[in-house]
Amino acid sequence: MAHPILQKFVYSPLTEKRDFRLVTLHHGTDQDPISLTICHASLDQAPPYEALSYVWGPQNPSETIKCNDGSLEIGKNLSGALRCLRKPSMSRVLWIDRVAINQEDVKERTSQVGLMADIYSLAAKVAVWLGPADSSTESALAFLDDISTQMRENKKPQDSSEPFKFGSENHAIKYPPSGDSIWAGVKSLLQRPWFSRAWTFQEIILARKADIYCGVYHSSWQSIENVLVCLKAYPPGTNMEDLRLIGDDKLLTDIYKARAMLQRPQLFSLEDKDAFLSLFPLLDGMRTRNATDPRDKVFALLNIACDVRDSELEADYSKSHAEVYAMTAKWLLRRTKSLAFLSLVEKKDKPDLISWVPDFRYKDQMNFLHQPLQIWRGKDRMYNASGTTRVRFDVQESLFQLTVQGIYVGTIVEQTEPPGNMLNNVALGARVLDGGEWQTFAGNCAVDGVYPPTGESMELAYRRLIIWDRIPGESLARNQRKCLPTLMDLPKPGIISYSGAKKQIFGPSEDIAMSILRGTSRKRLFKTDTGYMGLAHRSCEIGDRVYVLMGGNTPFVLRSLGGSFYGFGGESYVHGIMDGEMLALAMGDDRSLTRNTRKGLDWIDELGEEPWPFKTEVLTLV
């Protein structure tokens with residue numbers, strides 16, 4: 001039975017700053033027409049309600065539903081959710097963004113997005129709609145409830161002579177065999193689009209309580225978190241690797257960690273929260289999530305980033321995505337007085353943004369080295385090319401220009417072709433890397449077998465170069481080295497296959513072969529007219545210039561556009577200047593070769609804002 005033809009529902013304006021709309025979902029069963037009533041309420045005096053978290057999905061084809069005395073068009077995913085969520089004999093009060101916000105009113109959308117943190121955190125419960133059920137849904141949700149119940153029971157005091165110990169193998173959790181189809185069902189559940197959306201991340205981490213709905217089946221959100229904790233804390237035994245859902249639990253783990261930091265902040269240090277819940281790392285992580293509106297890659301984070309809420313960075317749907325991304329980059333610059341955000345810039349064949357502005361719409365997963373959080377760690381950053389210099393923010397500058405100061409390193413005069421790292425089922429090609437084109441090229445940068453900028457053998461310099469001087473397992477300890485790495489520390493790998501690389505690429509383990517794959521993928525090896533050897537994105541060209549920019553952790557490639565204007569070509573690794581050596585050379589100090597042992601250059605860690613004891617060039621990035 002369909003609704004009679006009705007006039008389109010007309011929204012009445014929200015008059016107060018804290019006003020929002022609540023939706024009463026009227027009772028019904030099966031294919032009964034959907035009927036809603038929308039009313040105004042205040043967040044300060046709202047009746048109990050639930051907030052819906054779901055994936056919008058395609059809005060065409062749409063379904064016409066009754067709303068007050070009019071009609072509304074909604075997408076099929078929302079209509080499916082409402083049919084499953086409504087009760088057969090009583091109404092249900094919900095907040096639903098698609099319906100509660102007048103989507104055609106840009107000003108209202110902007111103001112309501114600013115309230116979403118309160119809307120979700122004040123809701124009695126958040127209803128998570130994962131979509132229609134499939135053949136594995138019922139058993140997967142039953143599994144969540146079963147393991148969750150076992151976990152709760154095993155956390156109770158034990159009467160046996162060998163009490164249960166958290167994190168030990170002495171527990172009574174009974175997991176299905178590794179080959180049981182239930183694991184495929186759980187993986188399928190975790191791979192549903194809801195887990196990979198930008199807005200749903202915010203919605204669930206702000207929820208006090210939540211329930212999961214998938215077709216007619218449902219479970220509590222606490223159950224899915226309990227299973228995650230259980231698999232990580234209570235070893236499943238010989239099938240541990242099979243049961244941990246490696247890779248498939250990444251998005252869920254991020255949600256769990258964020259919820260824990262917001263709801264139990266006393267368990268985490270300020271440094272931990274800053275490294276995970278401040279805007280910079282959230283922006284990097286959000287690039288792998290999906291959003292219909294590219295501006296939401298930023299706006300969906302503003303209510304949860306620990307360093308943004310109540311700041312001047314706010315959602316504004318009157319601005320284009322190019323303006324929003326530039327505005328966000330400038331905000332990061334102003335807050336950190338650092339150019340660390342430039343490590344988020346990934347070069348593309350057809351960019352539609354200003355060259356120095358990060359594109360938050362996507363993340364190049366094949367650009368293996370590009371892990372900005374390994375660079376952005378405050379005083380513990382991995383590279384230290386400009387010491388502790390800090391950038392002075394110019395409030396009068398155009399939104400699409402970035403004025404920086406730098407020290408010239410050199411101009412690219414020779415370069416190689418990028419290696420075909422992942423072609424023809426070969427990850428590391430001997431023709432290019434192992435004694436082939438690249439090593440021959442590197443040898444031509446040597447003088448009597450020595451790399452002049454550091455005085456070490458070219459073989460050692462080359463091996464350090466192709467892994468960006470990051471020895472596996474060393475991580476941030478790189479900048480606390482007591483001595484230089486040796487050839488024994490950097491064994492020459494053989495060729496590894498594509499399938500072998502694929503297994504390790506996103507995993508926790510890494511060896512020299514994988515380090516080389518990460519360091520050289522989509523890169524060119526280059527030489528400057530000043531004798532430096534480095535790696536940069538494959539888009540670099542002969543004639544491009546390399547600079548150490550003040551406030552930047554790595555050297556950067558810039559392309560002259562005339563006068564003081566430059567296009568941004570991305571970060572680079574230049575062997576021999578990653579730890580502040582260019583600052584010493586700019587002062588005429590020849591002690592830069594001792595930087596690897598932290599001797600003679602301690603002064604670069606006390607620089608701050610200008611004036612600095614060396615000269616710089618003023619450059620404008622456009």
Side-chain angles (χ1 to χ4, degrees), residues 106-107 109-111 113-114 198 278-284 286-287 291-303 305 307-348 350-363 372 376 386 389-406 539 547 549-553 556-571 609-610 616-622:
V106 172
K107 186 176 180 180
R109 285 175 63 197
T110 297
S111 64
V113 163
S278 59
L279 187 60
F280 186 103
L282 285 174
L283 284 167
D284 185 43
M286 194 60 62
R287 289 187 299 167
T292 304
D293 189 324
R295 295 168 292 188
D296 289 336
K297 289 297 192 81
V298 174
F299 295 165
L301 298 174
L302 301 186
N303 288 321
D307 54 345
V308 174
R309 199 171 183 187
D310 299 324
S311 77
E312 70 279 7
L313 185 61
E314 298 177 338
D316 186 349
Y317 284 101
S318 68
K319 298 183 183 299
S320 67
H321 76 273
E323 291 175 296
V324 170
Y325 290 1
M327 175 180 70
T328 303
K330 286 287 184 83
W331 185 91
L332 289 170
L333 173 66
R334 181 163 59 251
R335 175 188 174 263
T336 64
K337 296 186 178 180
S338 162
L339 296 180
F341 74 88
L342 289 178
S343 67
L344 295 171
V345 177
E346 295 181 2
K347 302 306 296 176
K348 304 170 293 301
K350 297 180 180 180
D352 61 351
L353 298 172
I354 300 299
S355 69
W356 57 270
V357 175
D359 190 344
F360 300 119
R361 290 171 295 187
Y362 87 117
K363 185 170 186 175
W376 181 76
S386 70
T389 54
R390 307 187 76 186
V391 181
R392 184 173 294 172
F393 181 74
D394 184 358
V395 295
Q396 304 298 324
E397 188 174 39
S398 165
L399 179 62
F400 295 115
Q401 291 186 353
L402 180 64
T403 299
V404 294
Q405 292 176 278
S539 62
Y547 280 87
L549 302 181
M550 301 305 101
N553 296 332
F556 298 102
V557 175
L558 305 183
R559 183 165 298 164
S560 178
L561 301 176
S564 64
F565 293 96
Y566 289 82
F568 182 72
E571 61 190 1
E609 294 184 5
E610 59 180 323
T616 60
E617 296 181 44
V618 177
L619 314 166
T620 303
L621 305 185
V622 293

Candidate list Phe568, Trp356, Tyr547, test ring pair (Phe, Tyr, Trp, His ring centres under 6.0 Å), partner Phe556, passing option: Phe568
Arg287 versus Tyr362, closest heavy-atom pair with distance: CD-O, 3.4 Å
Euclidean distance, Leu549 CG relative to Ser386 OG, rounded to 0.5 Å: 8.0 Å
Minimum-distance pair of heavy atoms, taken over all atoms of Met550 and Val391: O-CG2, 3.3 Å
Side-chain donor/acceptor of Asn303 to backbone N/O of Val113, under 3.5 Å: yes
Within-4.5 Å side-chain heavy-atom neighbours: Glu346 and Asp359: no
Expected output: side-chain Lys319 to main-chain Val324 donor-acceptor under 3.5 Å: no
Any Val308 side-chain heavy atom under 4.5 Å of Leu301 side chain: no
Interatomic spacing from CG in Leu353 to NE2 in His321 - rounded to 0.5 Å: 5.0 Å
Minimum-distance pair of heavy atoms, taken over all atoms of Met327 and Glu314: CE-O, 4.1 Å
Validation row: Glu571, Leu342 side chains within 4.5 angstrom (heavy atoms): no
Carboxylate-amine/guanidinium contact Lys363 Asp284, below 4.0 Å: yes
Distance (rounded to the nearest 0.5 Å) between Leu333 CG and Thr328 OG1: 12.5 Å
Nearest-0.5 Å distance, CH2 of residue Trp331 to OG1 of residue Thr336: 8.5 Å
Ser564 side chain near Leu619 side chain, heavy-atom distance below 4.5 Å: no
Leu332 side chain near Leu283 side chain, heavy-atom distance below 4.5 Å: yes
Separation of Ser318 OG from Glu323 CD (nearest 0.5 Å): 7.5 Å
Short side-chain to backbone donor-acceptor contact, Asp307 and Leu279, under 3.5 Å: yes
Under 3.5 Å donor-acceptor, Tyr317 side chain and Arg295 backbone: no
Ser278 versus Ala305, closest heavy-atom pair with distance: C-CB, 4.3 Å
pair Leu313-Arg335: side-chain heavy atoms closer than 4.5 Å: no
Spatial distance of atom CG (Leu302) from atom CG (Leu282) [nearest 0.5 Å]: 10.0 Å
Exam field: side chain Thr620 to backbone Phe565, donor-acceptor pair closer than 3.5 Å: no
Least distance between heavy atoms, Ser343 atom then Phe280 atom: OG-CZ, 3.8 Å
Closest approach of Thr389 to Gly551 (non-hydrogen atoms, all atoms of both residues): OG1-N, 2.9 Å
